[in-house]
Amino acid sequence: FKTRILVLATVLSCTVAGVAAAADVKPRLIRFGYGLNEESVQGRAARHLAQELEKISGGKLKMRTFGSANLGSDEQMQSALVGGAQEMMVGSTAPLAGMVKEFGVFDLPFLFNSEKEADAVLDGPLGQDLLKKLEAKGIVGLVYWENGFRNMTNSKRPITRAEDLQGIKLRVMQNQIALGVFNTLGANAVPMPFSELFTALETRTVDGQENPITTIQSSKFYEVQPYLTITRHVYTPWVVLASKKWWDTLSPEEQKLIRQAAASSRDFERQDSRADSTKAMGTLEKNGMKINTVTPEEVARMRQKVQPVVDKYTQELGPELVKQLNDEIQKARN
Ligand code: TK8
């Protein structure tokens with residue numbers, strides 16, 4: 001009899017807890033914006049996130065995804081999050097450096113050697129501390145997705161050495177370090193939001209750009225850029241963000257579910273990105289892009305050339321932070 005009561009009591013309390021949790025999750029519609037199109041790795045991961053969230057919230061937390069910068073460029077969405085006009089987004093860390101300068105560490109060139117090293121730093125103390133810094137600015141940082149190692153495309157010539165960048169108008173992300181790096185390498189760097197990039201390439205407002213293979217494929221840059229040069233000059237991440245103004249109105253249970261779905265999207269996206277990268281290379285070749293890879297010697301030369309920019313920004317970002325970064329990379333490398 002005693003055990004029976006105990007079982008009954010346990011069942012009862014579980015049910016009560018379940019009901020309480022369910023009551024803590026209200027029907028909500030979350031607008032989630034991103035910059036690439038729906039067929040991109042970003043689009044697939046956004047849909048995964050929406051489906052996962054709907055599933056684990058029993059259909060209560062509904063997410064509507066908006067690709068192709070339909071809610072605005074990365075910068076515009078960041079501002080909308082701060083103001084509370086939009087709930088969530090994914091975008092590059094590069095333009096976030098205007099808000100929290102320390103995000104600039106990911107724009108320092110030739111840092112990571114592999115995706116594994118990037119994962120370790122992003123999911124480790126440094127990456128997580130940076131996310132926390134966003135809160136004071138009105139943004140909640142949730143997880144990092146892979147954008148990936150960036151390579152150069154242009155409409156003029158193959159880049160075999162830094163000197164080949166002379167006279168090339170190269171679009172870069174809106175970020176001081178990116179600007180400094182590419183001007184120092186010899187290009188005429190033009191900062192511009194991604195949402196304006198295809199048209200700018202098509203109309204020859206700029207001659208080239210740099211992005212990971214996956215983006216060059218999904219955004220069909222091969223239609224307007226005959227040359228692709230594999231440089232892997234920088235690994236830049238994407239980051240999933242929420243409006244703090246909005247986040248603070250959620251119950252702890254709702255916040256937990258969103259964090260859980262975000263973590264699931266991170267794992268899905270990284271895997272998908274890595275598989276897609278290999279496939280995308282084939283698609284670019286098939287579409288007639290002329291592809292070359294810079295030699296390790298030339299990478300070393302480029303690295304040397306941009307060292308003054310790295311030194312300058314190491315001072316600005318904080319030498320301790322850059323040291324921590326290099327230490328965490330070393331740890332992951334060993
Ligand atoms: C998409 C951008 C893009 C980035 C860029 O909104 O701007 O070149 O690589 O992925 O965040």
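Order of listing sets the numbers, starting from 1, for every ligand and every atom in it.
- In this structure, Tyr34 has no heavy atom closer than 4.0 Å to ligand 1.
- Protein heavy atom at the shortest distance from atom 10 (O) of ligand 1 is Trp238 NE1, 2.9 Å.
- Of all atoms in ligand 1, numbered sequentially from 1 with element shown, those under 4.0 Å from a heavy atom of Ser92 are 2 (C), 3 (C), 4 (C), 9 (O), 10 (O), 11 (O).
- Proximity of Asn147 to ligand 1, defined as any heavy-atom pair under 4.0 Å, is confined to the side chain (atoms from C-beta onward).
- Atom CG of Asp276 sits about 8.0 Å away from atom OG1 of Thr283, to the nearest 0.5 Å.
- Every residue was checked against the salt bridge (Lys or Arg N to Asp or Glu O under 4.0 Å) condition with Glu269, not counting sequence neighbours, and none meets it.
- With 3.5 Å as the limit, one finds no donor-acceptor pair spanning the side chains of Gln324 and Glu320.
- Annotation: the span from Leu53 atom CG to Phe32 atom CZ amounts to 10.5 Å, rounded to 0.5 Å.
- In summary, the atoms of ligand 1 found under 4.0 Å from a heavy atom of Asp74, numbered by their order in the structure, are 1 (C), 2 (C), 6 (O), 11 (O).
- Ligand 1 has an N or O atom lying under 3.5 Å from an N or O atom of Asn211, backbone or side chain.
- Using a non-hydrogen distance threshold of 4.0 Å, Thr215 does not register as a contact of ligand 1.
- Of all the heavy atoms of Gln209, none lies under 4.0 Å from any atom of ligand 1, so neither backbone nor side chain is involved.
- Between Phe198 and Phe221, the two ring planes are parallel [angle under 30°; tilted spans 30° to 60°].
- Atoms of ligand 1 lying under 4.0 Å from any heavy atom of Arg171, numbered from 1 in the order shown and given with element: 5 (C), 7 (O), 8 (O).
- Using modelled atom types and a 3.5 Å distance limit, the side chains of Asn292 and Thr229 yield a donor-acceptor pair.
- A donor-acceptor pair shorter than 3.5 Å can be found between the side chains of Asn175 and Asp107.
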